Each structure stands twice: as structure tokens, then as C-alpha cells.
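Note that this is a predicted model, so its numbers are computed, not measured. Computed over heavy atoms, backbone and side chain alike; hydrogens, waters and symmetry mates excluded. Counting starts at 1 for both ligands and their atoms, in listed order.
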Amino acid sequence: MQYITDKITLKYLFGLTCLGLSCFVQPISASPSQIPLEANAMHHAIQEKATILILTTGGTIAGQATNDKELGYQAAQTSGESLIKSVPALKNEANIEVCAISQIGSQDMSDHVLLDLAHHIQKAEENPKISGIVITHGTDTMEETAFFLNEVIPHHKPIILVGAMRPAGYASADGSANLIDAVKVASNPLAQNRSVMVVMNDSIFAARSVQKMNTQNLDAFRAPNIGPIGVVNTEHVHFFQPAISQKSTTFMLPSQAPFPRVDIIYSHIQMDGGLIEDAVKRGAKGIILAGVGDGNTSADALKALQEARKKGVIIVRSTRVGSGFVNRNVEVNDDQNQFIVSEDLNPQKARLLLQILLANKINNLDQIQKSFSILY
Ligand SMILES: NC(=O)C[C@H](N)C(=O)O
């Protein structure tokens, strides 16, 4: 069966149907993943526009240039309502509902705002009128929010995070185009039953694998281990694989903020155990090592991690490298040290996952290690 993935083809098919030429649409009672894409996408074209809820948090997508030299800008200057009004083309893609959650640069993202976002999404998941959710967010910590929501929200509707590398006022401003792409993806039935996603610069990424990997380029977002899971190509939305069954487990949403303290310690040449000892003194319940190579560190720092473990602190070895896996018992004896490895998760995502587990009182090391494995 020829699969089609875009509206233009659909309009043509829709035209054929109107002309009475043969084109069948399966009953819409089947779940989206059971309807052949033609009928599924056709069903979407015939249906009135999807209603997309946009939750705004701030970031450069709501930012404003501070001079005409394209050098300085302030993030989070525009209200959610004004941001949406500034992109009139959005109404061609979907009916839009807006809810302002915060007005911050995402370098100031907090556990409280994460919980607020999660509660709004849970309500939207139960609201039959809402087809998908878009979250406008700063790019600095977007990958963390996307990962957190993916771990705690069992969802079927598309949840898309989007931002901008350049603010309004810059000739190279990318926020409007990214926002239109995000709403296009969120209103496409093919985006259902997938991971929480990030849409930036015409690419679609899964929450677990996406990383911001450049300080200023428009294509700053990459997924170095697996690449993008789809693309927005003008009117067309393409996914490279069919939707998979839901993530096998999600964890209970932490009941309160702040979440249990977990610190990230960055490894380097001549590393001693000082910062690790400080983290323990400050009450860290977990320490993530942003290790060199496959999650390694100096002998002195390793000793400090072993001492921290003896005091009941959960130790997770991750890596500063930016791609690849950290595996158990390669250069460090994790079994003997009772350490956890982060597998493909970078330090900032490993930290959030450990916080979620500790907030859920999951302290058993085997259970923690299993929770770090890719569960699809
Ligand atoms: N491009 C951006 O959005 C950067 C900004 N500092 C933020 O994360 O909110």
C-alpha cells in the first residue's frame, strides 16, 4: 500500500473523492495506528481543523533584539498571547488555544514549572477537544523538559517542544517558522502515540535522544546517537518510522517541587574529590558523573565517589562526550562499586531520571539500572 504523508497529496485525493472517483476511507472507529495512512490522513483532511493547545514558557522564541547589530537580545519579553498573535499563519494549520505557564529564559527553568507544565498536559490529554500540545520553550534546557515530560506523562496525543535560536528583530529570526512547523506536526495524526518530540529547524527529534549541540546555529539541535525521527518539508510532515507502541513505562509524576537533590560533577584533568565531597555535604541524594570517555574519572575522584556511595548516595556514571553509550564494568567495576551507568543518557537527562526515581522512592539499584535502559 502506497503510504502518503502530506496534505497536498491529500487535497488531490480529497478532490478525487469529491468527483466521485474511487477512494476509500476506512471507518474512523479504528485507532489511528490501524488505519492505512491514506485514509488516516484523508480522515484528517476531511475533518475540521485540529485544535492545538500552546503552552508558553518564555525563551528566545518570545525574545526581542536589544540592538540592530544582531548581537544582543533579551529572552522571554513577549507574552504567550502576543507571541501567538505575532504568527498569523498559525491559524492556517489549526485552531489554537494558548495558556501562558511562565515567562522565563529556560536557563531558569525550575521543578515547579516542570510540574505545572505536566499538570496542564495531563488535563489536555483528557480533553477530547484538544488534538495535540505545543510547548514554546527556551532552547538552553528544552531537551531536559522534553525528557522529563516523556518519562512522567503517559500520553497518546502529540506533545511538541519548540523554540528559537534567534529572537524577533534579527534578520535570521527562526521562531515563527519553528512554531508553524511545531503546530503542523502536532496536528498531524501520524504524530500520535510517539515520544515527546522537539521540532527545530525543520527536523523532528525524540525527547530521549535530542541535544542542543551548538551555541548559536539554527541547526543547533541534533540527536547524535540516532538522528532525527522525521522532517517537516514545506507542507509535508514525514516520519521515518511508524509510530511505536507507547513507552513501556512512565513513572509517577513527583508530587512536589523541588525534586530530590542530584548534582552533576564534570570530570577533567587533575580532578580531585573536592566537589564530590561538597555535593555530599550539601545533601545530594545522587551524583551524576559527567565523566571523560566512557564515563571515567581520576583515581582521586573515583575514591570520593566510592565514599559517597558508602554514605548512601546513588552514583550514576554518564559522559561529557556527547554521544555513545556508557556501559557497565568496562573501565570501572560498577558491580563492585554499586554504581549505575546512564547508557545513552547525557548527564542532564540522567540527573532528571534519577530525581524522578528518588521522588518515587525507587532506591533498589537493580530497579534504578533497569530504569535507565531504553525501554522501546
Ligand atoms: N535560544 C534560547 O532560547 C536561549 C535562551 N537563553 C533560553 O533558553 O531561554
Can you sort out the partners of Gln211 under side chain to side chain donor-acceptor pair (under 3.5 Å), two or more places apart, ordered by chain and number? Asn346
One pair per line, please: each N/O atom of ligand 1 matched with every protein N/O atom under 3.5 Å away, atom names first, then the distance to 0.1 Å.
from	atom 1	to	atom 2	distance (Å)
ligand 1	1 (N)	Thr60	OG1	3.1
ligand 1	1 (N)	Thr139	OG1	2.7
ligand 1	1 (N)	Ala164	O	2.7
ligand 1	3 (O)	Thr60	N	3.1
ligand 1	3 (O)	Thr60	OG1	3.0
ligand 1	3 (O)	Thr139	N	2.9
ligand 1	3 (O)	Thr139	OG1	3.4
ligand 1	6 (N)	Gln107	OE1	3.0
ligand 1	6 (N)	Asp140	OD2	2.8
ligand 1	8 (O)	Ser106	OG	2.6
ligand 1	8 (O)	Thr139	N	3.2
ligand 1	8 (O)	Asp140	N	3.0
ligand 1	8 (O)	Asp140	OD2	3.3
ligand 1	9 (O)	Ser106	N	2.8

Polar side chain donor-acceptor pair, Glu343 to Ser373, under 3.5 angstrom: yes
So, Asp174 versus Asn178: side-chain donor-acceptor pair below 3.5 Å or not? yes
How about His137 and Thr57: does a side-chain donor come under 3.5 Å of a side-chain acceptor? no
Sorted by chain and residue number, the salt bridge (Lys or Arg N to Asp or Glu O under 4.0 Å) partners of Lys129 (sequence neighbours excluded) come out as Glu97
Provide the full list of side chain to side chain donor-acceptor pair (under 3.5 Å) pairs with a residue in residues 322-332, sequence neighbours left out, each pair given once. Asn296-Glu331, Arg328-Asp335, Arg328-Gln369, Asn329-Asp335
